[in-house]
Amino acid sequence: MIELKDLSQGFRNPELMQSLSQRIHQLSAQLSESVKIMEVCGGHTHTIMKYGLNQLLPRNIEFIHGPGCPVCIMPKERIDHAIELAMLPEVILVTLGDMIRVPGSKGTLAQCRAKGGDVRPVYDPLDALEIAKQNPDRKVVFFAIGFETTTPMTAVLLELAEKQNVANLYFHINHVLVPPAVDAVMADGAAKVTAFIGPSHVSAITGSDIYQPIVDCYHTPVVVSGFEPVDVMQSILMIVEQKVQGIAKLEVQYTRVVTAKGNQAAQQKVASMFTLRPHFRWRGLGDIPLSSLVLSEQYRHRDAEIVFADALSDQAIEDHKACQCADILRGLAKPNQCRVFGRGCTPTKPMGSCMVSSEGACNAYYRYAGLAFDLDLTKEATTGKASINRAKTEKEITA
Amino acid sequence: MRTVQLSHGGGGQEMNKLISDLFFHHFQNEILLKAEDAAVLQLEGPIAFTSDSFTVSPLFFAGGDIGKLAIAGTVNDLAMVGAQPQYLSCSFIIEEGFEYHKLETIVKSMKAELEKSGAQIVCGDTKVVPRGAADGVFINTTGVGTVKYPNISVSQLQAGDAILVSRDIGCHGSCILMARDELRLESELVSDCATLWPVVERLIESGVSLHAMRDATRGGLSAVLNEWCEGSKIQIDVEEEKIPIADAVQGLCELYGFEPYDLANEGTMILAVPAKDVPAALDVLRLFSPNAEQIGTVVEAQQHKVIMHNPWGGRRYLELPQGELLPRIC
C-alpha cells in the first residue's frame with residue numbers, strides 16, 4: 001500500500017532540484033528568446049511560488065498564469081445563482097470548500113450563510129447525497145464546479161442519486177473544459193505564450209492527447225506535469241530542451257499517473273450524463289462556445305437551472321473595474337501588476353476570484369511571493385510598477 | 001439514556017444535584033466545596049491571569065476531548081508566561097439532551113488533566129440551553145497562577161536568539177480535521193493535547209534563559225512566529241527542513257492543500273532562548289518529546305517578518321494564516 005508520505009518524498013530532493021536548476025541554466029543560455037510558459041493550472045502556480053522555483057530559474061524563463069482555476073473563472077452571475085438558491089427556504093446548497101468565499105454581485109456564500117442561507121461546504125461531493133437523504137423534506141442543490149478532474153465525481157453523485165431514488169437532489173452544473181480555454185488564450189494571441197505546463201490532474205481523467213491540437217495548431221510545446229517541485233522543474237527542463245532543439249511536441253512528465261488516453265471508464269460515465277453547453281461565459285475570457293458541460297436531456301429533472309428557473313437571475317455581471325482578474329486569467333497581467341493587489345484586495349477581503357481561490361494566481365503571489373518582490377527575487381519585480389505597488393502594500397499591511 | 005435537561009440549569013434541586021454529584025464530586029477541594037459566591041484565594045504576586053472558551057467538533061477525538069482541552073489550554077496559557085497554574089474557574093454551557101455519561105467522561109478527563117499541573121477548579125457555573133442553541137457542550141475556563149519566571153514576553157526576543165519547537169507540529173488540527181464526519185480519514189494520529197507546565201517547570205529549574213514562550217494553538221506555528229516578529233520588531237529565519245512534522249500530518253496537508261504551519265496545536269510550544277542555552281533547552285525538551293528541535297533564529301532587520309528557507313535555497317515569507325481552513329478543490 002502506498003503511504004501518504006511516499007506521495008511527496010523524493011520529489012523534493014534538494015540535490016535533484018539543484019541539478020535540474022543547473023541544467024536549465026546551461027541549456028537556456030543557448031536560447032535567443034525568452035520562454036513564456038503558461039502554467040494552465042493554479043496548482044502549478046502555487047508550486048512555483050510556494051517552493052520558490054522561480055528563484056532557481058534563469059531570467060529568460062517567464063511564467064504566465066493561466067485560466068485553469070475552477071474558482072477563478074467562475075463569473076459573478078453563477079455565484080449569484082448559488083446565493084439565490086441558498087436563500088430559498090426549501091433549499092440546502094452544497095458546494096466544495098473555496099467556493100463559499102468567492103464574491104458575486106450579492107456578496108459571498110459565506111455572507112449568505114451568515115444571513116440565514118443554508119450553505120454547506122463539503123470535502124467530498126458524495127456528502128451531498130447523505131445530506132439529501134437526511135433532509136427528505138428539503139431540496140438539496142449541489143453547486144458543482146471544476147474542470148475535467150472533478151466532473152466524474154459529480155457524475156458518480158448523480159448516478160447514485162438515480163440508483164437510490166434520492167429525488168430531492170439537484171445539480172447546478174459549472175463544469176468547464178481546459179482545451180477550449182487554452183485555445184481561447186492562444187487564439188487571442190495577446191499573452192504571447194510560447195509553451196505550456198499542462199495540468200496533470202485533468203489529464204489523469206482525459207489523457208494527455210487532449211493537448212495535441214494545441215501543439216499542432218500553435219506550435220507550442222506542452223508538457224503535462226505533476227505538482228511536486230521536482231515534477232515542475234523537470235517539466236521546465238523538458239520545455240527548454242524542446243526550445244533548444246527548435247521543436248514543439250506534447251510530452252508527459254507525470255508518467256506515474258497520466259496516459260495518452262486517460263481514465264476511459266470515467267470519461268464514459270461523464271459522456272453518458274453530460275452534454276456540451278452551447279455557451280458559457282468565463283470570468284476574464286468571456287463567452288467560449290462549447291467550453292462547459294450541462295446535464296443531458298434525461299436528467300433535466302435534476303437540473304437546478306431548469307427546476308429553479310424562476311428564482312434565478314439571468315444577467316451577465318462584470319467585475320469591479322479596478323480588479324484585473326480578467327487580464328490575469330488571460331495571461332496579460334501578473335497579480336502584482338493589479339493596482340488593488342494586496343491593498344483593496346486581500347485573501348480576507350478579496351475583490352476578485354484570483355485572490356479568493358487557494359489555487360488562484362493572486363492568492364499564490366500574496367501568500368508566497370511577497371519576499372520575492374521585496375528582494376527582487378522575481379523577474380517581474382525588476383519591471384518597475386509592480387514592485388513599487390507591492391512595496392507600498394507591505395508597508396500598509398504592516399501598518 | 002440519562003440526559004441533561006433544561007431543569008439542570010434552572011437553579012433548583014436538579015441543578016444542585018448535578019453540581020454536587022458530578023462537578024463537586026470530581027473537582028472536590030476545600031475552596032470549591034465551601035460553595036461560596038466567590039472563591040477566596042491565597043496568592044503571592046506577581047500573578048498571571050487568563051481565560052479561554054472551548055468549542056470543538058467533535059467533542060471527543062484521538063488523544064483527548066473538550067474537557068482535557070479546556071484544562072490544558074488555560075493551564076498552558078499560564079505556563080507560557082512562566083506562571084505555575086494554581087486556581088481555575090470552570091463554566092459549562094450544555095445543550096439540552098446532552099448525554100450525562102458523556103458529560104461525566106468530560107469532567108473525569110478534566111480532573112485527570114488538572115493533576116498534571118496541580119491546579120484546582122475553585123469556582124464555576126452551569127447553564128443549560130435549549131436544543132440547537134449550542135453544539136453539545138461549551139466550556140470556559142479561567143485561571144490564575146504565580147509567576148515563577150518573570151519577563152517572558154512577546155516583546156523579549158533578541159537578535160541571535162534561537163527558535164525552538166517542543167515537538168512535531170499540527171497534530172491537533174489534523175486530528176480534528178480527520179475526525180470530522182465529512183473527511184472520513186483514518187489515521188493513527190493522536191492530538192498533542194497536553195499540559196505543558198511540567199516541561200516549563202523543568203526548563204526553569206535547568207537555568208535556561210527564557211525570552212519568549214507560546215503554545216501554538218489556533219493559527220499554529222505561523223501565527224506565533226508572526227506575532228513575535230511584530231511584538232519584538234525583529235525578523236525570524238526558519239529552516240523548513242528542521243520543522244518536525246509527522247508523516248500523517250504532512251500527508252493530510254498534501255491531500256487537502258493545507259500548510260502544517262497553520263494547523264492548531266494544543267500541547268506544543270515554541271520558545272525563544274539565547275543561542276548559548278540551546279543545548280540545555282533541547283535536553284529538557286527532549287525528555288518530553290524526542291522531536292524537539294531548533295527550527296530557526298532571530299535576526300535584526302528592518303522588516304519584521306518570518307522568512308522560510310527551503311532546502312534548495314529558496315525563500316518566502318511565512319505569512320499569518322487567513323480565513324477558514326478550506327481544502328482545495330482539485
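Chain letters run A, B, ... following the sequence lines, proteins first and then strands; every chain starts at 1.
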For this session: Count the heavy atoms of every other residue, nucleotide or ligand shown that sit under 6.0 Å from NZ of Lys349(A), and state whether that count exceeds 12.
Result: no

Problem set entry | Tyr366(A) to Glu319(B) - nearest heavy-atom pair and separation | O-OE2, 3.7 Å

Problem set entry | side-chain contact (heavy atoms from CB on, under 4.5 Å) between Gln55(A) and Arg315(B), intermediate numbers included | CA-CA 8 Å; Gln55(A) 299 168 33; Arg315(B) 289 172 292 166; 4.3 Å; yes

Seminar exercise, completed: Closest non-hydrogen atoms of Pro14(A) and Glu241(B), given as atom of the first, atom of the second and distance, are CG-OE2, 4.3 Å

For this session: Flag yes if more than 12 heavy atoms outside Arg218(B) fall under 6.0 Å of its CZ atom; otherwise flag no.
Result: no

Exercise. Any idea which heavy atoms bring Glu228(A) and Glu254(B) closest together, and the distance?
Worked result: OE2-OE1, 3.7 Å

Exercise. What do you reckon, is NZ of Lys242(B) surrounded by more than 12 foreign heavy atoms closer than 6.0 Å?
Worked result: no

Exercise. Take atom CD in Gln134(A); do more than 12 heavy atoms of anything else shown fall under 6.0 Å from it?
Worked result: yes

Seminar exercise, completed: Under 4.5 Å to a heavy atom of chain B? For Phe227(A) that would be neither

For this session: Apply side-chain contact (heavy atoms from CB on, under 4.5 Å) to Asp237(B) and list each qualifying residue two or more places apart in sequence or on a separate chain.
Result: Gln235(B), Thr297(B), Val299(B), Ile307(B), His309(B)

Exercise. Checking heavy atoms, do the side chain of Pro229(A), its backbone, both or neither come under 4.5 Å from chain B?
Worked result: side chain

For this session: Look at the rings of Tyr123(A) and Tyr256(B) and say which category their plane angle falls in: under 30° parallel, 30 to 60° tilted, over 60° perpendicular.
Result: perpendicular

Exercise. Do you know which of Leu20(A), Leu16(A), Leu53(A) makes side-chain contact (heavy atoms from CB on, under 4.5 Å) with Trp312(B)?
Worked result: Leu53(A)

For this session: Could you tell me which of Lys50(A), Glu15(A), Gln18(A) has the largest number of non-hydrogen atom pairs under 4.5 Å with chain B?
Result: Lys50(A)

